[in-house]
Amino acid sequence: MSHFDLVRTHRSTAVEQARRRSLYPGLGERALAFGIDVGAFVVTAPFLLGFCAVLLQDYWVVGAVAVVVGYVAGSWALCGKTIGMAFAGIELLDERTGRCPAIPQVAMRTALTVPPLVGGAVVLNELLAPGAAPLAEGWLLLAAAAALVGVLSSAWALLDSGRMLHDRLSGLVTVRTEVADQLGRARR
C-alpha cells in the first residue's frame, strides 16, 4: 500500500478528512523533533567543534557543517528518522513504496533542508548579536534568502495537506510512526 493508496482511502467525509490530516505530523511534533536534534548538537558542539578545529584549523566551520549534514542525511538514509524524529514519533518514507528513503531522495531533501536552516541561524545570529560575526552584506542577503526558502517550504504545508515542499520535491512523505507501522503491515 503506497502513500497515495493510504490517502485515497481517506477522502469521503469530514471525519475521514480529519483522519487524512492526521497522517502527517503537526507543527508541534516537528518542532519537538527539531528541538531534540538541536539540543543534541548544543550538548556535543564543544567536542565536535574542538575536533574540527584541531583537524581542519581555519576550515573548522566546513567540518562542523559536514558533521551536521552527515548526521541528518545518514540518519534519514539508514532508518528514515533522526533521534529527535524518533522521540517525536515521526519518520520519513518513500511516497511510492512506503519504505525508507533512497540515497538520491535523502540527498535532495538534505539539499533543500540544510541551507535554509544554516541561513536562518546566520540571520538569527545577526539579529541577536549584530556585528559579532562580521559578514559581507552579500552573504547576509544570501543567508536571508535561504532562510526565506525554509519559511516558504513550511508555508507550503498549509496548501499541501501538511506536506512540506522539501518532502514533495524529494518524493518523500513525513508521517507519524503508527502510520508507517500500518504501511509496513500492509506491505507484508
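- Here the side chains of V175 and I90 are not in contact, with every heavy-atom distance at 4.5 Å or above.
- Put simply, the side chain of T177 gets close to the backbone of G89: a donor and an acceptor are under 3.5 Å apart.
- The two atoms that bring C100 and C79 nearest to each other are SG-C, 3.7 Å, heavy atoms only.
- In terms of hydrophobic clustering, with Ile, Leu, Val, Met, Phe, Trp and Tyr side chains grouped at heavy-atom distances under 4.5 Å, L92 and V72 are assigned to a common cluster.
- Of all heavy-atom pairs between A146 and G119, the closest is CB-CA, 4.3 Å.
- Cluster annotation: V151 is not connected to V118 through the hydrophobic network of ILVMFWY side chains, with a link wherever side-chain heavy atoms come within less than 4.5 Å.
- Under a 3.5 Å cut-off, the side chain of Q105 and the backbone N or O of G171 do form a donor-acceptor pair.
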For this session: Go through M85 and T82 one step at a time and tell me if the side-chain contact (heavy atoms from CB on, under 4.5 Å) criterion holds.
Result: CA-CA 5 Å; M85 292 170 77; T82 62; 3.3 Å; yes

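- The hydrophobic clustering, which links ILVMFWY residues whose side-chain heavy atoms are closer than 4.5 Å, places V114 and V68 apart.
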For this session: Verify side-chain contact (heavy atoms from CB on, under 4.5 Å) between S154 and M164, making sure each step is shown before the conclusion.
Result: CA-CA 6 Å; S154 298; M164 304 277 270; 3.4 Å; yes

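- For D94 (side chain) and P101 (main-chain N/O), no donor-acceptor pair under 3.5 Å exists by modelled atom type.
- Nearest heavy-atom pair across H166 and S170 is O-OG, 2.7 Å.
- The hydrophobic cluster containing I36 also contains Y71, counting ILVMFWY residues as joined when their side-chain heavy atoms lie under 4.5 angstrom apart, directly or transitively.
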Problem set entry | Derivation of the side-chain contact (heavy atoms from CB on, under 4.5 Å) call for L169 and L112 | CA-CA 9 Å; L169 294 174; L112 294 170; 3.8 Å; yes

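- In plain terms, the two heavy atoms of G63 and L56 that are nearest each other are CA-CD1, 3.4 Å.
- Under a cutoff of 6.0 Å and an axis angle of 45°, R109 and W76 form a cation-pi pair.
- Annotation: the span from L32 atom CG to D37 atom CG amounts to 9.5 Å, rounded to 0.5 Å.
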Exercise. Given the rule in the side-chain contact (heavy atoms from CB on, under 4.5 Å) test, do Y24 and V173 qualify, once you have shown the distances and angles that lead to the verdict?
Worked result: CA-CA 8 Å; Y24 305 105; V173 60; 3.3 Å; yes

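- Remark: D167 CG to M108 CE distance equals 12.0 Å, nearest 0.5 Å.
- Put simply, the side chain of S153 never gets that close to the backbone of V149: no donor and acceptor are under 3.5 Å apart.
- Put simply, L117 and V67 are part of two different groups of oily side chains (I, L, V, M, F, W, Y) that touch within less than 4.5 Å, one to the next.
- Other residues, nucleotides and ligands place no more than 12 heavy atoms under 6.0 Å from the CG atom of L27.
- For the pair R163 (side chain) and L172 (backbone), a donor-acceptor distance under 3.5 Å is present.
- Counting only heavy atoms from C-beta outward, the side chains of L152 and L165 never approach each other to under 4.5 Å.
- By the 4.0 Å N-to-carboxylate-O rule, R176 lies too far from E91 to be salt-bridged with it.
- Other residues, nucleotides and ligands contribute only 12 or fewer heavy atoms inside 6.0 Å of the CD1 atom of I83.
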